[in-house]
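Just so you know, these numbers come straight off a predicted model, no measurement behind them. Residue numbers start from 1 in every chain, and the chains themselves are labelled A, B, ... in the order their sequence lines are given, proteins ahead of strands.
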2 protein chains.
Amino acid sequence: MDRDARKAQLAEAVWQVILDQGVSAVSVRTVAERAGVVVGSLRHVFPTRSELVQFSAELMMERVTERLLATESRDDPREYAVAIIKNVLPLDPDRRAEYEVNLALLAERAAVPGLQQVGLDAHRRLAGLCARLVGMLTGEAGTPSAASLARRLHALIDGLAFHLFHQPVGSDVTWALDIVQGELTAIAGEAGSGGVSR
Amino acid sequence: MDRDARKAQLAEAVWQVILDQGVSAVSVRTVAERAGVVVGSLRHVFPTRSELVQFSAELMMERVTERLLATESRDDPREYAVAIIKNVLPLDPDRRAEYEVNLALLAERAAVPGLQQVGLDAHRRLAGLCARLVGMLTGEAGTPSAASLARRLHALIDGLAFHLFHQPVGSDVTWALDIVQGELTAIAGEAGSGGVSR
DNA sequence: CACATGCTAGCACGGGTGTGCTAGGCTCTT
DNA sequence: AAGAGCCTAGCACACCCGTGCTAGCATGTG
C-alpha cells in the first residue's frame with residue numbers, strides 16, 4: 001500500500017476514535033486497532049503519538065482546502081460566495097463530524113504543541129478567504145472598509161458553525177443560510193460607503 | 001474546610017490542569033496534586049472522575065451566570081447590552097482562560113456524557129440572553145423579527161469569542177467591540193421593520 | 001467521658017499507555 | 001540466486017490510570 005494512503009488511513013482512524021470516545025481515548029493502540037493494523041505498523045509510519053495526532057490535524061485542514069479549491073467559480077460572485085460558505089459550515093453530518101474533530105484537536109493543543117500552529121493556520125486561511133469573498137462582492141480589496149467587512153463575515157461564519165454544531169444532527173438549518181444571505185447583501189450594498197459601523 | 005469550598009477548589013484545579021497540559025491530562029491524580037490534596041480526599045468528594053469533570057463544568061457555567069446577574073442594569077439599554085457582552089467575550093486573560101477550558105470540556109463530551117447537557121444548557125442560556133437584549137433594544141419581544149435578530153446576535157457573539165480565542169493574549173481587541181457596537185445600532189435601527197434579511 | 005461520624009492517607013489491583021527493541025517476512029534490485 | 005531495504009508483528013519495560021478497600025485521625029455529639 002502507498003505510504004501516503006497508509007498515513008491517511010491512520011489519520012482517519014484518529015478522527016473516528018475522537019468521534020466515538022473523545023480525544024482522551026486517542027492512543028497508538030486504539031487508533032491502530034480502529035485502522036485494522038498492529039501497533040508496530042502504525043509506529044513505523046508515525047514513531048510517536050504526537051506525530052500521529054498532528055498529521056491527522058494537518059490532513060483535515062488539507063482536505064478542507066482541497067474541497068474549497070474544487071468548488072468551481074460561478075459567474076455570479078454572490079453564488080460563488082454562498083457555495084464556498086456552504087462548504088465551510090457544518091451543514092451536513094459529514095461536515096459536522098469534521099467540525100467536531102476540529103474542536104477536539106484544538107482543545108488538545110496544550111498537550112500536542114504542533115496543533116496550535118495548525119489551528120492558527122486554519123484560522124488565518126479562513127480569514128484570507130473571507131477577505132477574498134468581500135473583495136469579489138464589493139470590487140475593492142485591501143481598503144480598511146473591506147478589511148472590516150471581512151472580519152465581520154469571518155466572525156459570523158465561525159459563530160454560525162458553532163451554532164450548527166450545537167444543533168441536533170437532523171434539524172432545520174435554513175435559518176443559518178438566511179443569515180449568510182443577509183450578510184452578503186449587506187456587504188454588497190455597503191461597497192464604497194466606507195462605514196466601519198456598517 | 002467547607003465542603004462546597006473544597007469542591008470549588010478541586011474544580012479550579014481541573015481548569016488549571018486543562019490550561020497547562022490539555023484535557024487528556026485530567027486525572028484524579030493530577031488534579032489532586034494540583035489542588036494540594038491526596039487522591040483519597042478528592043475521591044471522598046468526587047468518587048469518580050466523571051463526577052469531578054462534570055462538576056467542574058457546571059461550576060464554570062454557574063460562575064458565568066453569577067457574573068452576568070451581578071452586572072447592574074444601566075439606564076441606557078444599549079450600555080447595558082455592551083456591559084453584558086463584554087462579560088461574555090474572552091477579552092481579558094482570565095476570560096480567555098475560561099473560554100479555553102470551556103472548549104476543552106466541550107470536546108470531551110464524548111467521554112463524559114454529562115458534559116453534553118452542560119454545554120447545551122450554556123448555549124441555550126446565551127440564546128435566551130441575546131433574545132432579552134434584543135427585546136430591550138427594540139422594545140418588541142417574541143416577534144419573528146426579534147427572534148431572527150437575536151439568533152444573529154448570538155452567532156456574532158460566538159464567532160467573536162472564537163476569534164478572540166485565536167488572538168495572542170495581549171493583542172488589540174477594540175475591533176471586536178466595534179463590531180458589537182455596529183450590530184447593536186443595526187438592531188436598534190431595525191426595530192419594527194420586520195426584515196429577516198436585515 | 002465514650003462514641004459516632006467524616007475526613008485523610010495510602011495500599012493494591014487489573015489494565016492501559018508510550019516507546020525502545022528485535023526477529024521474521026515480503027518485495028525489489030543487482 | 002543473492003542480497004538489501006522496508007514493513008509487519010510482537011515482546012518488554014516503566015509508568016500512569018480509575019477505583020475498591022482499609023486503617024488512622026479529628027472533630028463534634030450523647
Side-chain angles (χ1 to χ4, degrees), chain A residues 1-59 104-105 107-116, chain B residues 1-58 104-105 107-115:
Chain A
M1 179 184 267
D2 185 291
R3 187 180 177 92
D4 286 343
R6 169 60 47 95
K7 288 174 84 175
Q9 176 200 11
L10 290 168
E12 285 168 19
V14 171
W15 306 341
Q16 292 297 328
V17 172
I18 289 178
L19 290 174
D20 283 358
Q21 309 169 251
V23 67
S24 300
V26 172
S27 70
V28 291
R29 284 173 173 85
T30 55
V31 171
E33 189 183 10
R34 196 64 141 95
V37 300
V38 288
V39 183
S41 305
L42 182 149
R43 299 221 306 130
H44 195 75
V45 184
F46 297 113
T48 71
R49 177 185 185 270
S50 289
E51 295 174 59
L52 169 65
V53 173
Q54 182 167 345
F55 178 82
S56 82
E58 286 165 358
L59 182 66
L105 290 175
E108 265 302 275
R109 71 201 222 292
V112 182
L115 290 180
Q116 181 141 15
Chain B
M1 180 184 266
D2 186 288
R3 186 182 179 93
D4 286 343
R6 167 61 47 95
K7 289 174 83 173
Q9 175 201 10
L10 291 168
E12 285 168 18
V14 171
W15 306 341
Q16 293 297 329
V17 171
I18 289 178
L19 291 174
D20 282 358
Q21 308 169 250
V23 68
S24 300
V26 172
S27 71
V28 291
R29 284 174 173 84
T30 55
V31 171
E33 189 183 10
R34 195 64 141 96
V37 301
V38 288
V39 183
S41 305
L42 182 149
R43 299 221 305 130
H44 200 263
V45 185
F46 297 112
T48 73
R49 176 184 185 270
S50 289
E51 295 174 57
L52 168 66
V53 174
Q54 182 166 345
F55 179 82
S56 81
E58 287 166 358
L105 290 175
E108 263 305 272
R109 73 201 219 292
V112 182
L115 289 180

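- If you measure from atom CD of A/Q54 to atom P of C/dG18, you get 16 Å, rounded to the nearest angstrom.
- Look at CD on A/E33: it is 14 Å from P on D/dA9, rounded to the nearest Å.
- Between A/D2 atom CG and D/dC7 atom P there is a gap of 10 Å when expressed in whole angstrom units.
- Distance B/L42 CG to C/dA9 C1': 13 Å, rounded to the nearest Å.
- A donor-acceptor contact under 3.5 Å is formed by the side chain of A/R43 with the base of C/dG20.
- Nearest-nucleotide positions on DNA chain C place B/V39 closer to the 5' end than the other of B/V39 and A/T30.
- B/T30 places a side-chain N or O within donor-acceptor distance of the main-chain N or O of B/A25, the cut-off being under 3.5 Å.
- Between the CG atom of B/L10 and the CD atom of B/E12 there is a distance of 9.5 Å, given to the nearest 0.5 Å.
- Under 4.0 angstrom from either OP1 or OP2 of D/dT8 there lies no side-chain N or O belonging to A/H44.
- Remark: A/T48 is not in phosphate contact with C/dG18, judged by side-chain N or O atoms under 4.0 Å from OP1 or OP2.
- Nucleotide D/dG20 holds its C1' atom 18 Å from the CZ atom of B/R49, rounded to whole Å.
- Per the geometry, CZ belonging to A/F46 stands 14 Å off P belonging to C/dG18, to the nearest Å.
- Contact annotation: A/R29 does not reach the phosphate of C/dG16 (side-chain N/O to OP1 or OP2, under 4.0 Å).
- Between the side chain of A/Q9 and the backbone N or O of A/A35 there is at least one donor-acceptor pair closer than 3.5 Å.
- Taking both residues in full, the closest heavy atoms of B/A107 and A/A104 are given as CB-CA, 3.5 Å, listed atom of the first, atom of the second, then distance.
- Contact check, B/S27 against D/dC16: no side-chain N or O comes under 4.0 Å of OP1 or OP2.
- A sub-4.0 Å separation between OP1 or OP2 of C/dC7 and a side-chain N or O of B/R3 is present.
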